[in-house]
Amino acid sequence: MDQIDVVRTPASWVVVGLDNGGTCNNATVLDATGQFLVDHLVENPSLVTEGPESAVEQLAEAFTGILALTSTPATLVRAVGLDTPGPASADGVISSKGSTNFSQVSWHGFDIRGALQARIGLPVIYNNDANAAALYAHHRHFGAAAMEKSSVAAIVGTGLGGGVVEAGKVISGAAGMAGELGHVQIPLQGVLEDDQPVPQCNCGFAGDVESVASLTGITNNLLPYWLKRFPDHPLAREPIPRAAKLLRGYGEKEDPLALAVFGQQARAIGKLFTIAANFTDPAAYFLGGGVVEAAPRFRQWFLNTVRENTQLRAEQQAAATFALVPDLDMAGARGAAVAALEAVRPAG
Ligand SMILES: [Zn+2]
């Protein structure tokens with residue numbers, strides 16, 4: 001909490017970062033010098049299942065709550081960064097088909113950025129949650145050099161999220177769909193076993209990164225195959241969705257079935273990063289998600305396997321680094337705040 005006792009000059013200003021999730025909002029404050037005023041998770045219920053009106057009200061409450069907690073006068077706030085799960089447009093309009101978190105019909109096509117901006121009367125800058133986490137990883141890693149550097153981040157969760165950062169800014173694309181790394185199709189040679197069926201993704205593609213490197217990929221594709229090869233494994237007695245969630249614990253104990261599955265995930269991400277190397281040639285490759293929260297030995301093995309399967313040229317090997325996304329539970333709110341800071345920071 002000691003970071004809260006920051007001495008401010010009257011000229012200083014701040015931005016607020018709000019991360020909207022399926023159950024909770026997480027809030028943070030970032031000052032004009034790039035210092036976070038909150039060093040821990042500050043949450044309130046997101047109420048997204050009750051529809052947009054309740055959810056926007058909860059975001060407004062998260063905003064006033066974090067200002068109160070940090071003793072920040074509202075007059076010092078120049079902008080608010082907001083991130084939510086996608087799919088949504090670059091400007092924060094939820095997909096017309098809805099999504100996992102925004103399934104109620106009233107959410108379909110809802111402009112959550114515009115609604116929050118109208119509610120709190122401050123500019124709101126929007127990013128999807130994976131892009132916000134990618135942006136935070138980038139700025140945390142490169143610090144003062146962030147605006148000159150590029151990176152790519154893959155975040156393994158229920159799906160596979162990610163982000164592409166160029167010169168310190170997230171590439172959003174014409175329709176807001178840039179950096180959807182989970183749905184990049186990868187060469188499967190070296191990822192799959194000879195007799196393994198081609199994994200299918202919920203998006204309709206076969207053999208994209210998410211079909212392998214996500215919890216959904218484990219449940220739908222990898223575990224059903226590997227359990228046939230390990231019929232006496234204790235997880236064979238569990239329903240598949242539960243077995244998929246338990247798998248990481250087995251991986252930490254170096255269980256052969258679990259290492260086979262996670263090895264395929266790491267190789268798939270290596271294939272993705274190989275495409276990135278030839279596409280934007282980033283200075284850093286970030287890896288985040290559940291695997292990062294695992295035991296240190298396991299997560300290091302996973303990162304090493306990703307690195308070994310990313311084919312870089314000698315010049316790229318010398319220039320690029322591989323790293324884990326830090327502070328993952330706060331990365332969304334912090335990345336949203338970084339985006340807001342960059343949006344309103346005076347040029348020069
Ligand atoms: Zn897909």
Side-chain angles (χ1 to χ4, degrees), residues 21-22 83-90 93-103 107-108 127-134 152-165 170-193 196-226 240-241 244-245 247 261-280 282 285-292 302 306 309-310 325 332:
D83 77 280
T84 75
S89 76
V93 177
I94 304 298
S95 165
S96 57
K97 292 181 185 167
S99 71
T100 310
N101 275 40
F102 305 110
S103 53
W107 277 114
H108 297 191
N127 278 281
N128 75 44
D129 54 0
N131 281 352
V152 58
I155 294 158
V156 188
T158 309
L160 186 124
V164 178
V165 176
V170 168
I171 297 188
S172 55
M177 292 170 186
E180 289 288 344
L181 304 181
H183 309 296
V184 173
Q185 288 172 301
I186 50 169
L188 297 171
Q189 205 173 20
V191 174
L192 300 185
E193 299 289 300
Q196 194 169 358
V198 172
Q200 304 293 316
C201 181
N202 289 337
C203 76
F205 284 172
D208 63 13
V209 188
E210 182 168 303
S211 73
V212 178
S214 68
L215 184 63
T216 309
I218 292 179
T219 307
N220 292 349
N221 300 312
L222 305 192
L223 207 46
Y225 169 79
W226 282 101
I240 292 263
K245 286 186 182 154
L247 194 64
V261 170
F262 288 113
Q264 291 196 312
Q265 294 202 322
R267 293 200 294 278
I269 294 169
K271 299 285 185 193
L272 170 69
F273 284 171
T274 303
I275 293 171
N278 289 294
F279 209 102
T280 62
Y285 299 83
F286 296 118
L287 180 67
V291 287
V292 171
F302 194 93
V306 170
N309 286 277
T310 304
V325 176

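Starting from 1, each residue takes its place in the sequence as its number. Whatever order the structure lists them in is the order used to number ligands and atoms, beginning at 1.
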Query raised in the report: Backbone N or O of G217 within a donor-acceptor pair of the E210 side chain at under 3.5 Å?
Result: no
Requested in this report: Answer yes or no: is there a donor N or O on one side and an acceptor on the other, between the side chain of K271 and the main chain of Q189, under 3.5 Å?
Outcome: yes
Query raised in the report: So which protein N/O/S atoms does the Zn ion (ligand 1) have within less than 2.8 Å?
Result: H183 ND1, C201 SG, C203 SG, D208 OD2
Query raised in the report: Got a donor-acceptor contact below 3.5 angstrom from the N128 side chain to the P87 backbone?
Result: no
Query raised in the report: Nearest heavy-atom pair of A132 and G332: which atoms, and what distance?
Result: CB-O, 3.5 Å
Query - Aromatic plane relationship, F262 with F302 - under 30° parallel, 30 to 60° tilted, over 60° perpendicular - result: perpendicular
Requested in this report: Would you check if L160 and L181 make a side-chain contact, meaning some heavy-atom pair closer than 4.5 Å?
Outcome: yes
